[in-house]
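Numbering of ligands and ligand atoms starts at 1, following listing order. The figures that follow rest on heavy atoms only: side chains count, while hydrogens, waters and symmetry mates do not. Sequential numbering from 1 along the given sequence is applied to the chain's residues.
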Amino acid sequence: MAKPFHLAMFTSFNMPAWRGPWAGEAADDWWTGDYHISLIKQMERAGFDFIMFEDSTYVGEHYGGSTEVSLKHPLGVPKMDPFPLLPILARETKHIGLIATGSSTFYPPYILARVMATMDHLTGGRVGWNVVTSSEDIAAQNYGIDKLLDHDERYDMADEFVEVVKALWDSWEPDAIVQDRENGVWGDHTKVHTIDHVGTYFKVRGPLNFPAGPQGHPVICQAGGSEKGRALAAKHANAIVATNPRVEYLTEYRADIRARAEAYGRDPDEVKVLFQVSPVLAETDEAAKELYEQRFELRDPLQAERTLAGISGTTEIDFSQFDLDEPFPQDLTTNGHQSILDDWMRRNKGKTLRQAISERTQFGPPLYGTNATVADQLEAIADATGGDGFLFMFPTTRRYIDEVCSGLAPELRRRGLIREDYPHATFKENLLAF
Ligand SMILES: Cc1cc2nc3c(=O)[nH]c(=O)nc-3n(C[C@H](O)[C@H](O)[C@H](O)COP(=O)(O)O)c2cc1C
């Protein structure tokens, strides 16, 4: 039997499905956080370890050279800042981890360190930070930057950024608060230190103006796939998320990350590698197969356009210029998610664009069936890869959340494959417990 694994959900603070038979009221009640509150409660009941909010700050206009398609579907918009949402979700739950994305290219490290530490206090030690370098010049232009640094240099900058943030979290020694009421001394000034960081990209004096929260260093999450991205993840992260349909890739990826973590002097078990999945669930395997084909074969031209516009957004390549039913060029380059683009082109050589995006839409290995069938598949993948768990995504409807939380997760729990409870106080302790 496979060892128990972790479950997580990948989403955005954006509008869930707004049309289709299961959209319900979510398009109206997400603005206040209500949709995500119902989601997080379901997830905690089911034994999920965390929710992860990706983020970006642009309105896409690379597909067809216009924002039309981004607004029409809509795609990437509307998307609000996930940071203020986390403490709200924490108030509605007791244990589940809450991760939001903060860009090392756009945030000043002092603000990021301060916001994360504040949230760690507000949530009793349940937050995490997804470190990204961002990939779009049109986002950079919102921060006074005309053009992003090159992909690899962004990772050099991210590494320095994380080092600064950690130093700020460490700028108060654990016993800096004495709270000696008798002698009227609250804090010991000899235990609060400037960091005096002067590096290639940042100059930060410190200290933080309050001590770090219950986790000390909140959980760090990362999703790098390139050489530099993997190095950053292995050096700093506790939760690493990877996306690829091939189980062999995922096996290699996890082994590589663990070896790199060890080379950095870390215990590789402090690094949990979760694989992105989007299983299609139904009452019978046949019904699930039919749904799977409907969802991913992209016969619906609107769905195909939406998928292509999404790829255009993160690569800044105009995919509207290629014929959907012809093979597409194999020499595309981007300053954005290059490792994902390279791997996708390599695997889809000779296929038409429609076939290639069908695979891309699935986020992970093809999985469909009843709860029992999909539980078998997840168990087999975890066994084969040594994987630490799965990051679910798509589609964003209350129905899908319920399918996963009330159907699949209980099946996994019956098999002893996921947690029964949350024995520790903080997110990080629970995540690293197995
Ligand atoms: C599950 C997952 C979540 C991600 N979330 C974000 C995000 O919120 N914002 C962002 O700019 N990039 C995000 N990325 C992109 C990664 O940070 C990274 O750039 C990408 O995986 C390519 O790796 P590379 O940069 O090492 O080539 C995400 C990637 C994955 C697989």
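Nearest protein neighbour of atom 25 (O) of ligand 1, counting heavy atoms only, is Y155 OH, 2.6 Å. Counting protein heavy atoms only, atom 8 (O) of ligand 1 is closest to D55 N, 2.7 Å. Of the protein's non-hydrogen atoms, the one nearest atom 27 (O) of ligand 1 is S339 OG, 2.8 Å. Closest to atom 13 (C) of ligand 1, if we only count protein heavy atoms, is V132 CG1, 3.7 Å. Remark: minimum distance from atom 3 (C) of ligand 1 to any protein heavy atom is reached at F10 CE1, 3.2 Å. Summary of contacts: the protein heavy atom closest to atom 14 (N) of ligand 1 is H337 CE1, 4.0 Å. Scanning the protein for heavy atoms near atom 30 (C) of ligand 1, the closest one is A223 CB, 3.5 Å. Nearest to atom 26 (O) of ligand 1 among the protein's heavy atoms is S226 OG, 2.6 Å.
The environment of E25 atom CD is sparse: at most 12 non-hydrogen atoms of other residues, nucleotides or ligands sit within 6.0 angstrom. Crowding of K351 atom NZ: a count of heavy atoms from other residues, nucleotides or ligands under 6.0 Å exceeding 12. Other residues, nucleotides and ligands contribute only 12 or fewer heavy atoms inside 6.0 Å of the CZ atom of R91.
With respect to the salt-bridge test (charged N to carboxylate O, under 4.0 angstrom), the residues D29 and R398 qualify. Ionic pairing of E227 and R260 is present here: one or more N-O contacts between side-chain nitrogen and carboxylate oxygen are shorter than 4.0 angstrom. With salt bridges taken as basic N to acidic carboxylate O contacts below 4.0 Å, one links D376 and R415. Between E252 and R246 there is no salt bridge, since no side-chain nitrogen of the basic residue lies less than 4.0 Å from a carboxylate oxygen of the acidic one.
Neither the backbone nor the side chain of T314 has any atom closer than 4.0 Å to an atom of ligand 1 (non-hydrogen atoms only). Looking at Q276 against ligand 1, only its side chain comes within 4.0 Å, counting heavy atoms. Contacts with ligand 1 closer than 4.0 Å are made by side-chain heavy atoms of H151 only, the backbone lying farther away. Only the side chain of I340 comes within contact range of ligand 1, with a heavy atom under 4.0 Å; no backbone atom does.
Assignment of S56 to the shell around ligand 1 is not supported, since no heavy atom sits closer than 4.0 Å. Residue contacts with ligand 1: T133 is excluded, as none of its non-hydrogen atoms falls under 4.0 Å.
No side-chain donor-acceptor contact under 3.5 Å links T67 and E61. Side-chain contact of T373 with D285: a donor-acceptor pair under 3.5 Å is present, judged by distance alone.
Per-residue contacts place E54 under 4.0 angstrom from the following atoms of ligand 1 (heavy atoms of the residue considered): 5 (N), 7 (C), 8 (O). Residue S134 approaches ligand 1 through these ligand atoms, each under 4.0 Å from one of its heavy atoms: 11 (O). Atoms of ligand 1 found under 4.0 Å from any heavy atom of M52 (numbered from 1 in listed order, with element): 3 (C). Listed by atom number, the atoms of ligand 1 under 4.0 Å from G224 heavy atoms are 23 (O), 26 (O). Listed by atom number, the atoms of ligand 1 under 4.0 Å from T243 heavy atoms are 31 (C). Taking a cut-off of under 4.0 Å to the non-hydrogen atoms of L391, the atoms of ligand 1 that pass are 1 (C).
Ranked by closest heavy atom to atom 5 (N) of ligand 1, the top entry among T101, D152, D342, N130 is N130.
At under 3.5 Å, a nitrogen or oxygen of G225, whether backbone or side chain, sits near a nitrogen or oxygen of ligand 1.
For F328 and W344, the gap between ring centers is short of 6.0 Å.
Using cut-offs of 30° and 60° for the angle between ring planes, the Y249 and Y253 rings count as parallel.
The only option from F427, Y422, F48 that meets the ring-ring contact (aromatic ring centres under 6.0 Å, His included) definition with H95 turns out to be Y422.
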Verify ring pair (Phe, Tyr, Trp, His ring centres under 6.0 Å) between F13 and H36, making sure each step is shown before the conclusion. CA-CA 8 Å; F13 190 11; H36 291 94; 5.3 Å; yes
